[in-house]
Amino acid sequence: MPARASLWTTLTAPLLRENPVTLQILGICSALAVTTTLETALTMAASLSVVVTLAAGIISLIRRHIPDTIRLIVQIVIIASLVIVIDQVLQAWFYDISRALSVFVGLITTNCLVLGRTEAFARHNPPLPAMVDALGNALGYSLVLIVIGTLRELLGKGELLGHAVLPLADQGGWFTPLSLMLLAPSGFFLLGGLVWAIRSWRPEQAEAPEFGPMPQRGPAE
Amino acid sequence: MSELWSLFLRAGFAENMPLSLFLGLCTFLALSKRPATAMGLGVAMIGVMGVTVPLNQLVYDGLLAPGAWAWAGMPDLDLSYLALIAFIGVIAATVQLLEMVLDRYFPAIHAAFGVFLPLLTVQCAILAGSLFMVERRYSLPEAAVFGLGSGTGFVLAVVLLSALRTRLAYADLPAGLRGLGITFLLTGLMSLGFASFTLMAAP
C-alpha cells in the first residue's frame with residue numbers, strides 16, 4: 001500500500017523531522033504570545049488545527065479555479081472567514097478561554113503557518129493529501145506550543161492547567177516561581193533552547209556553517 | 001506637530017513591533033541573515049505599512065464604523081465585525097500589487113524575496129498595525145505617522161539583528177545552536193534591551 005504509506009509520511013514528517021516552528025520558522029508569533037499557560041496553548045493549538053485543515057481542504061478543492069494573480073486574496077478571505085467562525089464558536093461555548101486569548105484568535109488569520117501550507121502544498125495537491133499535510137503541520141505546531149506552555153506554566157507559577165503541582169515556597173513548599181518565565185523574553189529563550197535540543201538530537205537539522213577554515217590541500221605544515 | 005513626532009517615536013521604539021509586542025517574527029527571523037536582505041524587507045515593510053494603515057483608516061471610518069452609513073438613512077448599521085476581513089483584503093491587495101510591480105520592474109529584488117513577499121500578507125505586524133489604529137481611534141494623519149513609525153521600528157530591529165548575525169557567522173557555535181537557535185537567544189536579549197525604551201517613553 002504505497003499510497004497509504006506516503007500519506008502516513010505526510011502526516012508524521014512535520015511532527016519532528018520537518019517541524020514547522022523549529023525548522024521552517026513559521027507561526028512563531030502566536031507560539032510565543034499564547035504560551036504563558038498550558039490551557040491557552042491547548043486552545044490555540046486546537047483552533048489553529050481546525051483552521052489550517054479546513055482551509056487546506058477548501059483551497060485544494062477549488063485550486064484549479066483560482067487565477068494565479070489573485071490567489072493570495074482568495075486564500076486569505078477563505079482563512080479569515082474560517083477564523084471568524086472559530087472566534088464565534090469560542091465566544092459561544094468557551095467564553096472564559098476566548099477572553100483569555102482575546103486578539104490572538106483573530107491573529108490566526110495572519111499566522112504564516114496557515115498561508116504557508118496553503119501556498120506551498122494545498123495549491124498543487126488534491127484535497128486528501130492536502131488536509132493530511134495540514135493536519136500534520138498543525139500537530140507539529142501544537143507539540144511545540146504544548147512543550148513551551150507546560151514549561152512556562154510549571155516554572156513560572158508551579159501549576160499545570162491551574163492545578164498546583166510544585167509546592168510554592170510562600171505556602172510552605174520548596175519551589176520559588178521564576179517570574180521571568182511569565183514575561184515574553186523567556187519565550188525566546190525557551191524556544192531557542194528547544195531548537196538547540198532538537199538539533200543536537202537530530203544533527204542533520206543543524207545549519208551548515210557559513211564560513212569555516214579553507215579545506216587543507218596537501219600537508220598542513 | 002510635536003504630538004505626531006512623539007507618536008512616531010513611540011511606534012518605532014517603545015512599542016517596537018517585533019521586540020516589544022512580539023509581532024511579525026516569522027519574517028523578522030527568516031530574512032535577517034544579511035543586512036542587504038534585511039534592508040530590502042524593511043523598505044517593503046515601511047511601504048506596505050505606510051500605505052495600508054491610513055487606507056484601512058479610511059475604509060473603517062467611511063464604511064464599517066458604527067453610524068458610518070447614517071447619510072444613507074441607516075444610522076444603526078454597525079459593520080465593525082467585518083473589520084478583520086476588510087483589512088486583510090486591503091493588505092493582500094497592496095502586497096499583490098507590490099509583488100507585480102517588483103516582478104515587472106525589479107526582477108532581482110523580486111527573486112531575492114522568494115516566498116517571503118507573499119508572506120508579507122500574513123505579517124502579523126501589518127494587520128496588528130491596522131487593528132491598533134482602530135482600537136486607539138487614530139485620525140488619518142495619525143494613522144499615516146503610526147504606520148510609518150512602526151515600519152521604521154521594524155527596519156531598525158531587523159537591521160540590528162542582521163548585523164549581529166553577520167558577526168556571528170564567524171563564531172564557533174555548537175552545531176545545534178547555529179542559525180535559528182542562537183537567533184532566538186539574541187532576539188530575547190534584544191527584547192530585554194528594548195524594554196528599557198518603554199521606561200524612557202513614560203513622562
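In the text below, chain A, chain B and the rest are named by the order of the sequence lines, each starting its count at 1.
The neighbour count for Gln96(B) CD, taken as heavy atoms of other residues, nucleotides or ligands under 6.0 Å away, is above 12.
The minimum heavy-atom distance linking Ile85(B) with Ala80(A) is given by the pair CG1-CB, 3.9 Å.
One finds the CZ atom of Phe184(B) at 9.0 Å from the CG atom of Leu194(A) (value rounded to the nearest 0.5 Å). A distance of 10.0 Å separates CG in Leu192(B) from CZ in Phe188(A), rounded to the nearest 0.5 Å.
Interface residue Leu189(B): backbone and side-chain heavy atoms are both found under 4.5 Å from chain A. Only the side chain of Met100(B) comes within contact range of chain A, judged by heavy atoms closer than 4.5 Å.
Phe189(A) pairs by the ring pair (Phe, Tyr, Trp, His ring centres under 6.0 Å) definition with nothing, not counting sequence neighbours. Residues satisfying the side chain to side chain contact (heavy atoms under 4.5 Å, CB included) test with Arg123(A), not counting sequence neighbours, are Asp68(A), Arg71(A), Gln75(A), Glu119(A).
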